[in-house]
Amino acid sequence: MNSINRRSVLAGLGAVGTGLLAACGNEAPGAPSLLSPSGSQVARAARSRSGTGRVQSLNLTAAPATLDLGGGVLAKSWAFGGRVPGKEIRTSAGDTLSAELSNQLPGTTATSIHWHGISLRGDMDGVPPVTQPPVRAGSNFTYRFVTNAPGTYFLHPHVGVQVDRGLYAPLIVEDPREPLSYDDEWVVVLDDWLDGVTGTPDEVFATFRPDMSGMTMRNSGPERARPSRSSSASSGDSDSTRFRLIGATSPLLGGDAGDVNYPYHLVNGRVPADPAVYTGKSGKRVRLRIINAGADTAYRVALGGHKLTVTHTDGFPVVHRQVDTLLIAMGERYDVLVTLGDGVFPLVALAEGKDATGMAVVRTGSGSTPEPTVRPAELDGSTVTAAQLRAAEGVQLQAKDPDLVHRVKLTGSMGRYDWAINGREFDMADPTANPLLVQEGQRVRLDFVNATNMWHPMHLHGHTYQLDDGGPRKDTTIVLPRSKVSVFFDADNPGQWMLHCHNAYHSEAGMMALLAYGA
């Protein structure tokens, strides 16, 4: 996500509490007064969340790790607990999660944790410098909040392009009154991977925006980042060849499918040549919780020889729909039910438009492991996207005219790499400038207007919105090129919240805005 520059980090490190980072007032004359992410209104909203009183405590250590991705592929990266994905976290709706982050990353590298999709209290959202100071190397920070909404979520950093390293893990909030009937669960995490194999995410970003290389603090502390020769503009063509993917196109995505050349696509941290395996029994009904933790890749997902019944997206139930395959963007999550056949079946994640795949295996009987390049027929069958789904009864927003409409124009181009919202690249040195202002209690409509030639998965922190015309409840949705998507939400979680493209490199370049509650 967008980097923290020298000015904002020094301000954050010197602040007493998060209230001074993005406080109630904006110093510019005539600027609106904003609620603090840690103010009394935020505390009041937190107290209103019903809880069980149970507390689940855990430790998350972010540190360098050599990761075994299978097939002889070793990647030097960063991870939680030395594994990728990080260890799955499970709570029950209403439980309080108390998670202590220990930052053992190298040098002066700062980090944080964003709890993607969780409607939590503002000062636990993990977005330096807006909601908290950055967690400095060698320091700890404890996140504590009620996990009040059941669903499939995940966690990742919100500093620089760290989301394209190994610092992520699934977060499953179970429903104590689960209405679905099934025999087992399998969490499936998808990821596009290059870190520690062909380069680093910072080097990738420097090839896209060489003018910003060394100017801002991407993944370090308050000292100025010093890019290596390979990440500098002078490396030119060699880095473009190594990191840039040319000609990736997809009709499903309206054209350009992505621009980063990933050597591997992982399913549960494994390459297709040495896949992760789920072992089950024929005839059993399994719930797959599918998470796209990637940075630049949408995946078309199918299980060979099987139909998928979509039950949830981004944690919220939908009217069930049976499909052959589904399209899942970065930051999206889908839950599906499948009744297993007898044999060995490939679960394939096709990197949409990129002519590459990730693969895992479902084994219920005898048979050989599918070839890494297998392409089940289901990938070319009926495909579902969120726009085709409908919110289930009970989670639909009550029909109501919006009190406020914000036009969120997505601007920029691949050539200039000037991705922005409403023509303004987000500035972490002045995060409260030009906020999208809302007031508590309002029904808000956001009109995403994509003026670019590329698709963008737009993610809103702290809330779920509903797609227009009875669509699903979501926090991340695909906006195709030259198109408009309208979403609605109730402003019921006071604080300051990020709204951004979940392509890590687009948001880092500036396709991000602050949605803030007025004081």
Check: [Y] and [X] side chains under 4.5 Å, non-hydrogen atoms:
X: W78; Y: P106; answer: yes
X: L194; Y: V260; answer: yes
X: L58; Y: L97; answer: yes
X: I478; Y: E332; answer: yes
X: M512; Y: C501; answer: no
X: Q466; Y: P472; answer: no

Aromatic ring proximity, centroids under 6.0 angstrom, [Y] and [X]:
X: H506; Y: H500; answer: no
X: F208; Y: Y417; answer: yes
X: H116; Y: H459; answer: yes
X: W115; Y: Y143; answer: yes

Applying side-chain hydrogen bond (donor to acceptor under 3.5 Å, both in side chains), can you list everything that pairs with [X], at least two apart in sequence or on another chain?
X: H463; value: Y517
X: N140; value: E100, S102
X: T464; value: R473

Quick one: salt bridge (Lys or Arg N to Asp or Glu O under 4.0 Å) partners of [X], sequence neighbours excluded?
X: E88; result: R90
X: D296; result: K354
X: D475; result: R333
X: D468; result: none

Nearest 0.5 Å, what's the [atom1]-[atom2] distance between [X] and [Y]?
X: I421; Y: F426; atom1: CD1; atom2: CZ; result: 9.0 Å
X: N434; Y: R424; atom1: CG; atom2: CZ; result: 4.0 Å
X: L480; Y: W455; atom1: CG; atom2: CH2; result: 9.0 Å

The test is side chain to side chain contact (heavy atoms under 4.5 Å, CB included); show your working for T325 and V323 and say whether it passes.
CA-CA 6 Å; T325 180; V323 299; 6.0 Å; no
My understanding is that only residues two or more places apart in sequence, or in another chain, count here; which of them pass side-chain contact (heavy atoms from CB on, under 4.5 Å) with A387?
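If we apply the side-chain contact (heavy atoms from CB on, under 4.5 Å) test to A387, skipping adjacent residues, the hits are T385.
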Residues in side-chain contact (heavy atoms from CB on, under 4.5 Å) contact with A169, at least two apart in sequence or another chain:
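For A169, the residues satisfying side-chain contact (heavy atoms from CB on, under 4.5 Å) (neighbours in sequence not counted) are L155.
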NZ/NE/NH1/NH2 to OD/OE distance under 4.0 Å, D195 and K76
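Result for this pair is no, no salt bridge flagged.
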Run the side chain to side chain contact (heavy atoms under 4.5 Å, CB included) test on M454 and T452 for me, step by step, so that the C-alpha distance in whole Å, both residues' side-chain angles and the decisive distance to 0.1 Å come before the verdict.
CA-CA 6 Å; M454 191 169 183; T452 80; 4.2 Å; yes
Dump the intermediate steps for side chain to side chain contact (heavy atoms under 4.5 Å, CB included) on V187 and I172, then the final yes or no.
CA-CA 9 Å; V187 177; I172 309 302; 4.1 Å; yes
Sequence neighbours excluded, every pair satisfying side-chain hydrogen bond (donor to acceptor under 3.5 Å, both in side chains) that has a member inside residues 250-263
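Applying side-chain hydrogen bond (donor to acceptor under 3.5 Å, both in side chains) to every pair that reaches into residues 250-263, excluding sequence neighbours, yields D164-Y262, S250-E352.
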Among H502, H456, E425, side-chain contact (heavy atoms from CB on, under 4.5 Å) partner for M511:
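So, applying the side-chain contact (heavy atoms from CB on, under 4.5 Å) to M511 and each of H502, H456, E425, only H456 qualifies.
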Which residues pass the ring pair (Phe, Tyr, Trp, His ring centres under 6.0 Å) test with Y299, not counting sequence neighbours?
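By the ring pair (Phe, Tyr, Trp, His ring centres under 6.0 Å) rule, Y299 matches H265.
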For side chain to side chain contact (heavy atoms under 4.5 Å, CB included), just list the numbers for L350 and R375, CA-CA rounded to whole Å, side-chain angles, deciding distance to a tenth of an Å, and then say yes or no.
CA-CA 8 Å; L350 174 69; R375 183 180 170 123; 3.9 Å; yes
Going by the salt bridge (Lys or Arg N to Asp or Glu O under 4.0 Å) test, which pairs reach into residues 66-75, not counting sequence neighbours?
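Residue pairs passing salt bridge (Lys or Arg N to Asp or Glu O under 4.0 Å), neighbours aside: none found.
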Ignoring hydrogens, what is the shortest heavy-atom contact between A293 and D191? Give both atom names and the distance.
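Smallest interatomic distance, heavy atoms only, reads O-OD1, 3.5 Å.
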